[in-house]
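Below: one structure, written as structure tokens.
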Amino acid sequence: MNTPELPAREAMEFDTVIVGAGPAGLAAAIRLKQLAPERTVVVVEKGSEVGAHILSGAVIDPIGLDRLIPEWRGEDTPIKTAVTADHFYALGASGALRLPNFLLPPLMSNHGNFIVSLGDVCRYLAKKAEALGVEIYPGFAAAEVLFENGVVAGIATGDMGIGKDGHHKASFTRGMELRGKYTLFAEGARGSLTKTLIERFALAQDRQPQKFGIGLKELWQVAPEKHRRGLVQHTMGWPLDNRTGGGSFLYHFDDNLVSVGFVVHLNYQNPYLSPFEEFQRFKTHPLVRDTFLGGKRISYGARAITEGGFQSVPKLAFPGGALIGCAAGFVNVPRIKGSHNAMLSGMLAAEHVAAALAHGRANDELGDYEAAWRSSAIGRDLWRVRNAKPLWSKLGTFAGVALGGLDMWTNTLGFSLFGTLKHGKADFATLQPAAQCLPIAYQSARYCPAGVYEWVEEGGQPRFVINAQNCVHCKTCDIKDPNQNINWVPPEGGGGPNYPNM
Ligand SMILES: Cc1cc2nc3c(=O)[nH]c(=O)nc-3n(C[C@H](O)[C@H](O)[C@H](O)COP(=O)(O)OP(=O)(O)OC[C@H]3O[C@@H](n4cnc5c(N)ncnc54)[C@H](O)[C@@H]3O)c2cc1C
Ligand code: SF4
């Protein structure tokens, strides 16, 4: 709907509109064109280019890529490093205990997986999509869902040229309406439009609350003698206490590159905790610190990751559109992998969109997509690990991970001793009052990893400052703010981080 005093927006019509050029959105776009080359498909992306806002580990399971682009292994792609060694450690303050691989459930194995920059994989997928005729518009954030008679009819990109105080600058330009017979939302974890759709269509009714972690990551160029190409290493434990879930990843890939990251489950209780500072402490552990000596940090960023799994996946379809990828929350938490399911869900939704279009349908509900995901490879992947996160949350790291491991073993054999456990509270409701918690000895703005929210002293008075330009679009404030006062919305398209290869 246009506000009366504003000029009307221009509109463009497509068969399918896709919000977000991550693995889910791009896989959907490619599959649509493979199935129906004559159909028009447009993708909007808020990053200044495809990949600019992608932050992931990433060790990828190639199941999605193998199905989407079977010929990829013979092409020049950014997927160059096969996993050659897979280590898992429990950390104490100064020591580390390596868990033998034979104790880990087979689904945890990284054999056959690849270490990549997911941003670069998205750049590769975008080229494939464009070669098939998909229109991709980077630098444009989808800011509003268009509704007609209660049905999703597309999206509008945000207006540009608005000052901090809301006034229209000389450069003010209206956004565009991109109208589609179907609109797929592929915004990733905690999508801003997805959030409004979940509420409007009550998509999360009868589901467990979605759970999240914050993942912080640095990319390092290390000294050649420190590099062990193909090594994948995960840890749990220190510096987090037993009640705080999370762990680290360290992936050696390509030419002397190491991705190092730390995930903190956002159901932590102590408001003094700073995930950023915990990550920095982790890098000082004797197991890892030597890797970085003599090296150079190339980039830093953060992003929320969904952790609710099978029990928390909302209803996916609604009149005129559907959720795909991490907008729906398809991450397999113990594997720390979601990109394969993002691609598989994009393809699955695309297949149902193509079939609906072929039958002359438009702007109705893709009920078959909703029905199909649980019995698909995505459902099977998430079902076997559904109790890992609730056990971790309820029992703490060591007992929770041990029982979660046992449950994954029994699920591999086809049964569970626990049935399907619940998650309980949403993450914003788990913080305890500061007075009941032990302060932690570091100073920083806590849940935000980029120093956006800051108290400064002015004339002896504290003043709250929002350094919006620092924001890396991780969405953690939207998830964890205990009063749920923060509603994160994308800034003008092209803003935010410019990750080269995260
Ligand atoms: C720290 C970390 C480590 C991870 N490690 C791994 C791993 O090793 N292996 C693995 O498989 N998975 C891993 N994951 C999970 C994986 O990154 C996600 O499952 C995957 O990226 C989801 O893909 P997606 O396309 O759904 O969303 P995303 O990759 O988040 O992509 C969404 C895209 O949509 C854009 N967008 C969002 N909102 C809008 C809007 N309103 N308008 C326009 N554009 C918009 C974003 O800018 C972004 O480009 C990790 C995640 C994190 C955070
Ligand atoms: S302001 Fe919010 S979205 Fe931006 S970096 Fe901080 S926590 Fe993340």
Side-chain angles (χ1 to χ4, degrees), residues 18-28 43-61 64 110 113-116 118-119 121-122 125 137-145 155 157-158 185-194 212-217 232 234 249 251 259 261-263 275 301-306 323-333 335-343 345-346 445-453 466-468 470-481 486 488-491 493 496-497 499 502:
I18 298 173
V19 180
L26 292 167
V43 182
V44 280
E45 166 54 51
K46 66 180 166 59
S48 60
E49 50 145 356
V50 171
H53 287 184
I54 299 290
L55 182 142
S56 190
V59 173
I60 59 165
D61 175 341
N110 278 307
N113 295 335
F114 293 86
I115 309 174
V116 298
L118 194 63
V121 172
C122 288
L125 292 175
Y137 295 123
F140 289 92
E144 184 186 328
V145 181
I155 57 96
T157 62
F185 292 85
E187 295 179 286
R190 196 64 160 202
S192 44
L193 296 184
T194 303
F212 296 91
I214 175 175
L216 307 113
K217 175 180 165 182
V232 162
H234 293 108
F249 60 86
Y251 305 147
S259 285
F262 202 78
V263 175
R303 180 78 174 94
I305 178 168
T306 57
L323 307 180
I324 58 177
C326 278
F330 286 134
V331 169
N332 181 317
V333 180
R335 295 179 75 199
I336 334 179
K337 287 185 185 60
S339 60
H340 61 304
N341 286 337
M343 293 184 69
S345 63
R446 299 192 176 88
Y447 51 64
C448 174
V452 171
Y453 304 105
I466 297 181
N467 303 303
N470 291 355
C471 176
V472 294
H473 294 205
C474 74
K475 320 276 181 85
T476 304
C477 50
D478 192 295
I479 298 164
K480 191 62 177 168
D481 173 45
I486 299 174
W488 189 95
V489 293
Y499 297 135
M502 292 285 266

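Atoms within a ligand are numbered from 1 in the order they appear, just like the ligands themselves. Nothing fancy with the numbering, it's 1 onward along the sequence. Worth knowing before you read on, the calculation uses all heavy atoms, side chains too, and leaves out hydrogens, waters and symmetry mates. The shown structure was predicted, so the numbers you read here are calculated from the model rather than taken from an experiment.
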For this session: Keeping the roles fixed (side chain from D61, backbone from H340), state whether a donor-acceptor pair exists under 3.5 Å.
Result: no

Problem set entry | Taking every non-hydrogen atom, the tightest pair across C474 and T476 | SG-OG1, 3.0 Å

Exercise. Quick one: nearest non-hydrogen protein atom to atom 5 (N) of ligand 1, plus distance?
Worked result: G57 N, 3.0 Å

For this session: Please name the pair of heavy atoms, one in A141 and one in P491, separated by the smallest distance, quoted to 0.1 Å.
Result: CB-O, 3.8 Å

Exercise. Can you tell me if H53 uses its side chain to pair, donor with acceptor, with the backbone of P497 under 3.5 Å?
Worked result: yes

Problem set entry | K337 side-chain N/O to R335 backbone N/O, donor-acceptor pair under 3.5 Å | yes

Problem set entry | Ligand-side contact atoms (ligand 1) for residue partner S339, heavy atom cut-off under 4.0 Å | 10 (C), 11 (O), 12 (N), 19 (O)

Exercise. Can an N or O of K475 be found at a distance shorter than 3.5 Å from an N or O of ligand 1?
Worked result: no

Exercise. Between V452 and ligand 2, which part of the residue brings a heavy atom under 4.0 Å of the ligand: side chain, backbone, both or neither?
Worked result: side chain

For this session: Spell out, as yes or no, whether a donor-acceptor pair under 3.5 Å connects the side chain of E144 to the backbone of T157.
Result: no

Exercise. Which pair of non-hydrogen atoms, one from F262 and one from F249, has the smallest distance, and what is that distance?
Worked result: N-CE2, 4.1 Å

Exercise. Who's the nearest protein heavy-atom neighbour of atom 44 (N) of ligand 1, and how far?
Worked result: K46 N, 3.0 Å

Exercise. Hey, does P23 sit under 4.0 Å from ligand 1 if you only count heavy atoms?
Worked result: yes

Problem set entry | atom 50 (C) of ligand 1: the protein heavy-atom neighbour that sits closest, reported with distance to 0.1 Å | S56 OG, 3.3 Å

For this session: Could you tell me the residue and atom name of the protein heavy atom closest to atom 5 (S) of ligand 2, and the distance to it rounded to 0.1 Å?
Result: V472 N, 3.4 Å

Exercise. Under 3.5 Å, is there a donor-acceptor pair between the side chain of E45 and the main chain of A21?
Worked result: yes

Problem set entry | Backbone N/O of G57 and side chain of K217: donor-acceptor pair under 3.5 Å | yes

Exercise. Atoms of ligand 1 less than 4.0 Å from K337 heavy atoms?
Worked result: 9 (N), 10 (C), 11 (O), 12 (N)

Exercise. By number and element, which atoms of ligand 2 are closer than 4.0 Å to a non-hydrogen atom of K475?
Worked result: 3 (S), 8 (Fe)

For this session: May I ask you to list the atoms of ligand 1 that are less than 4.0 angstrom from any heavy atom of A186?
Result: 32 (C), 33 (C), 34 (O)

For this session: Examine the proximity of ligand 1 to V263 and report which part, side chain or backbone, both or neither, has a heavy atom under 4.0 Å away.
Result: neither

For this session: Measure across F330 and N341 and return the closest heavy-atom pair with its distance rounded to 0.1 Å.
Result: O-ND2, 3.0 Å

For this session: Could you pull out the closest heavy-atom pair between Y251 and A58, with the gap in Å?
Result: CD1-N, 3.9 Å

Exercise. What are the atoms of ligand 1, with element, lying closer than 4.0 Å to any heavy atom of I336?
Worked result: 5 (N), 6 (C), 7 (C), 8 (O), 9 (N), 10 (C), 12 (N), 13 (C)

Exercise. So which heavy atom in the protein is nearest atom 42 (N) of ligand 1, and how far is it from that ligand atom?
Worked result: A142 N, 2.8 Å

Exercise. For ligand 1, is any non-hydrogen atom under 4.0 Å from L26's backbone (N, CA, C, O), its side chain (CB onward), both, or neither?
Worked result: neither

For this session: Using modelled atom types only, decide if a donor and an acceptor are shared between the side chain of N110 and the backbone of V232 within a distance under 3.5 Å.
Result: no

Exercise. So which protein heavy atom does atom 35 (C) of ligand 1 come closest to, and at what separation?
Worked result: E45 OE1, 3.2 Å

For this session: Identify, by atom number and element, the atoms of ligand 1 in contact range of I54, meaning under 4.0 Å from any of its heavy atoms.
Result: 29 (O), 31 (O), 48 (C), 49 (O)

For this session: Under 4.0 Å from a heavy atom of G325: give me the atoms of ligand 1 that qualify, with their elements.
Result: 26 (O)

Problem set entry | Any donor-acceptor N/O pair, T306 side chain to A189 backbone, under 3.5 Å | no

Problem set entry | Interfacing atoms of ligand 1 (cut-off 4.0 Å, heavy-atom, V44) | 43 (C), 44 (N)

Exercise. Can you check whether I214's main-chain N or O pairs, donor with acceptor, with R303's side chain at less than 3.5 Å?
Worked result: no

Problem set entry | Residue-ligand contact G261/ligand 1, heavy atom below 4.0 Å | no

Problem set entry | Numbered atoms and elements of ligand 2 in range of W488, under 4.0 angstrom, heavy atoms | 3 (S)

Exercise. So which heavy atom in the protein is nearest atom 22 (C) of ligand 1, and how far is it from that ligand atom?
Worked result: C326 SG, 3.4 Å

Exercise. Does the side-chain contact (heavy atoms from CB on, under 4.5 Å) test come out yes or no for E187 and S192, once each step is laid out?
Worked result: CA-CA 8 Å; E187 295 179 286; S192 44; 3.5 Å; yes

Exercise. Are any of the N/O atoms in A24 less than 3.5 Å from those in ligand 1?
Worked result: yes

Problem set entry | Minimum heavy-atom distance between A304 and I479, given as atom pair plus value | CB-CD1, 3.7 Å

Exercise. Which part of F140 is near ligand 1, with near meaning a heavy atom under 4.0 Å away: side chain, backbone, both or neither?
Worked result: backbone

Problem set entry | Under 2.8 Å: N/O/S of C477 next to atom 8 (Fe) of ligand 2 | no

Problem set entry | Residue Y499 excluded, over 12 heavy atoms near OH under 6.0 Å | yes

Exercise. Can a non-hydrogen atom of V331 be found less than 4.0 Å from any atom of ligand 1?
Worked result: yes

Exercise. Roughly how far, to the nearest 0.5 Å, is CG of N113 from CD1 of I60?
Worked result: 8.0 Å

For this session: Within a distance under 4.0 Å of any heavy atom of Y453, pick out the atoms of ligand 2 and give their elements.
Result: 1 (S)

Exercise. Is atom 4 (Fe) of ligand 2 less than 2.8 Å from at least one N/O/S atom of C471?
Worked result: yes

Exercise. What is the closest protein heavy atom to atom 53 (C) of ligand 1, and at what distance does it sit?
Worked result: R303 O, 3.5 Å

Exercise. Which atoms of ligand 1 are found less than 4.0 Å from any heavy atom of A141?
Worked result: 42 (N), 43 (C)

Exercise. Got the closest protein heavy atom to atom 8 (O) of ligand 1, with its distance?
Worked result: V59 N, 2.8 Å

